[in-house]
Amino acid sequence: MMEVISGNTVSRKCGRRLSVAPMLDWTDRHYRYLARQLSRHTWLYTEMVNAGAIVYGDAERFLLKDECENPVALQLGGSEPKDLAAAARMAAGYGYDEINLNCGCPSPRVQKGAFGACLMKEVDLVADCLNAMQAAAPDCEITVKHRIGIDRDTDYAVLADFVGTLARKTACRTFIVHARNAWLDGLSPKENRDIPPLRYEYVYRLKREFSDLCIIINGGITDNAQIATHLQYTDGVMVGREAYHNPMILRSWDGLFYGDRLPEIGYGELMEKLYAYICTQLQSGRGTTVRHIVRHYLGLMHGLKQARVWRRMLSDAALLRENRPELLLEAWQQVKDGNDGLV
Ligand SMILES: Cc1cc2nc3c(=O)[nH]c(=O)nc-3n(C[C@H](O)[C@H](O)[C@H](O)COP(=O)(O)O)c2cc1C
């Protein structure tokens with residue numbers, strides 16, 4: 001039986017002890033379905049969706065989710081309170097538990113639309129956005145994801161002022177902090193996830209100074225020991241890339257961090273569920289293909305023998321063109337054959 005390796009000494013009121021970060025092109029509903037098979041409690045996030053795309057475009061395409069995904073948050077991008085409110089209202093109807101406003105994305109495309117990380121410079125506008133979203137979706141929790149600062153300004157007071165102002169002017173009580181600055185002048189979004197230095201101490205201090213708020217830490221966290229350490233100083237940990245490239249890490253989280261005593265799912269049982277899911281999706285009439293789904297499975301055998309064969313089979317263009325769900329089982333058989341006793 002597993003032991004909870006870190007009691008959160010700070011606060012238990014926030015349900016998001018563990019969450020998987022919003023990641024464009026990665027955390028779509030197919031990835032989230034996989035994640036939910038691995039952990040019952042981990043909080044999941046959609047990719048960032050532009051509020052305007054929901055309000056003026058194909059809402060169903062962006063908001064569709066499986067009921068099993070909850071608890072799940074929709075992340076919105078935007079800076080127009082009216083559009084954000086309309087998108088939040090629609091999202092509430094689809095059963096999202098939380099709606100998160102992106103104030104951390106450094107992409108130049110996003111900057112042109114005056115949202116994402118550059119919103120950290122416009123705290124009053126952010127407050128208007130959050131208030132409009134909350135009024136439109138009173139039963140959803142409204143949250144913000146942001147950086148610790150913009151460009152080369154590493155003054156902690158800027159971060160504290162941003163969070164403090166929002167806490168005063170809005171009902172937002174949960175702040176997800178990517179513990180590095182966003183450098184808006186010349187770094188690509190990818191570089192902006194690696195190059196600006198991580199300053200976890202800023203996030204810990206934020207929690208100390210705003211102890212009533214739920215403060216979630218994010219950025220560069222890759223294993224359970226690091227998670228346990230961060231949980232001593234914050235209310236929750238959000239993991240991005242590691243949860244995508246090595247999804248099996250989620251299997252241990254219910255036991256380790258939520259005290260859930262149900263056994264972890266085995267590979268064999270997982271494969272059965274994923275196979276059934278692919279079959280259902282192919283029959284859904286939405287044009288979903290095997291490739292749309294299994295592209296999220298490439299990291300599942302991380303650390304096992306035959307992981308390369310698994311990846312190669314699931315990304316082989318000719319095999320994927322056949323669009324047969326059985327491809328998953330055939331690749332799994334290769335892994336099983338190479339790993340004695342794996343279930
Ligand atoms: C492919 C990719 C797409 C991302 N898309 C988003 C996004 O849509 N919204 C967002 O707030 N952050 C986005 N991020 C940033 C992550 O949410 C997270 O803050 C960042 O990767 C740092 O966490 P990590 O070091 O655990 O990956 C993205 C990151 C990656 C790798």
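Read the numbers this way: they start at 1 and go in the same order the structure lists the ligands and their atoms. Heavy atoms only: backbone and side chains are in, while hydrogens, waters and symmetry mates are out. We're numbering straight along the sequence, starting at 1.
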Under a heavy-atom criterion of less than 4.0 Å, does G219 contact ligand 1?
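Yes, G219 has heavy atoms under 4.0 Å from ligand 1.
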Does G220 have a non-hydrogen atom less than 4.0 Å from ligand 1?
yes
Region of [X] engaging ligand 1 - heavy atom pairs below 4.0 Å:
| X | value |
| --- | --- |
| K190 | neither |
| R193 | side chain |
| H178 | side chain |
| M48 | both |
| N218 | side chain |
| W26 | side chain |

Taking the side chain as every heavy atom from C-beta outward, state whether [X] and [Y] have any atom pair closer than 4.5 Å.
| X | Y | answer |
| --- | --- | --- |
| L34 | L274 | yes |
| M238 | S19 | yes |
| R16 | E141 | yes |
| W253 | R17 | no |

For [atom], what's the nearest protein heavy atom and its distance?
| atom | answer |
| --- | --- |
| atom 9 (N) of ligand 1 | Q75 OE1, 2.7 Å |
| atom 17 (O) of ligand 1 | P22 O, 2.8 Å |
| atom 5 (N) of ligand 1 | L24 N, 2.8 Å |
| atom 26 (O) of ligand 1 | G240 N, 2.8 Å |

Considering K145, E242, M238, M23 one by one, which has a heavy atom nearer to atom 10 (C) of ligand 1 than any of the others?
K145
Decide yes or no on ring-ring contact (aromatic ring centres under 6.0 Å, His included) for W26 and H245, but give the supporting numbers first.
CA-CA 10 Å; W26 290 8; H245 294 309; 5.1 Å; yes
Mind checking whether V177 and I150 sit in one hydrophobic cluster, side chains of I, L, V, M, F, W, Y counted as touching below 4.5 Å?
yes
Check the orientation of H296 and Y244. Use parallel for under 30°, tilted for 30 to 60°, and perpendicular for over 60°.
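Perpendicular, since the angle between the ring planes exceeds 60°.
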Would you mind running through ligand 1 and noting each atom that sits below 4.0 Å from a heavy atom of A21?
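Those qualifying, in numeric order: 16 (C), 17 (O).
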Identify, by atom number and element, the atoms of ligand 1 in contact range of N102, meaning under 4.0 Å from any of its heavy atoms.
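Contacts of ligand 1 toward N102, numbered from 1: 9 (N), 10 (C), 11 (O).
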Identify the residue among Y233, F175, Y156 that makes a ring pair (Phe, Tyr, Trp, His ring centres under 6.0 Å) with Y202.
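Of the listed options, the one satisfying the test is Y156.
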Within 45° cone of F162 ring axis and under 6.0 Å: R147 NZ or CZ:
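Geometry flag: not set, cation outside 6.0 Å or 45°.
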When rounded to the nearest 0.5 Å, the distance separating CZ of R324 from CG of L329 is 9.5 Å
